[in-house]
Amino acid sequence: MTSKEEAELLFKQEPLSGGPRSIPEYEQRARAERAKIAKLRVLRLAREAVLVTEKRTPQKRSRTLRDGTRCKE
């Protein structure tokens with residue numbers, strides 16, 4: 001068998017099914033990032049739900065000058 005035939009055989013082989021090695025690394029990172037974003041979204045929505053039940057709104061940071069006086073916005 002020549003090297004060209006070996007290369008063609010390797011090229012024609014189907015990828016293994018299942019397992020984390022069959023998924024490209026960039027796809028694994030993307031899935032992990034989407035999972036992390038979903039978890040953070042759930043935590044944010046839960047925090048906002050608690051604030052609503054307490055009849056409070058998320059506090060906006062006030063802008064003050066160095067001497068303690070408030071800025072005109």
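Just so it is clear, the model here is predicted, and its values are computed rather than measured. The figures that follow rest on heavy atoms only: side chains count, while hydrogens, waters and symmetry mates do not.
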Just distance, no hydrogens or angles: give the donor-acceptor pairs under 3.5 Å from side chains in residues 29-38, sequence neighbours left out.
from: R29; atom 1: NH1; to: E25; atom 2: OE2; distance (Å): 2.9
from: R34; atom 1: NH2; to: E27; atom 2: OE2; distance (Å): 3.4

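Listed by chain and residue number, nothing satisfies the side chain to side chain contact (heavy atoms under 4.5 Å, CB included) test with S3 (two or more places apart in sequence, or in another chain). In this view, K4 and T2, E8 satisfy the side chain to side chain contact (heavy atoms under 4.5 Å, CB included) rule, not counting sequence neighbours.
Taking 4.5 Å as the limit, some side-chain heavy atom of E48 sits within range of a side-chain heavy atom of L45.
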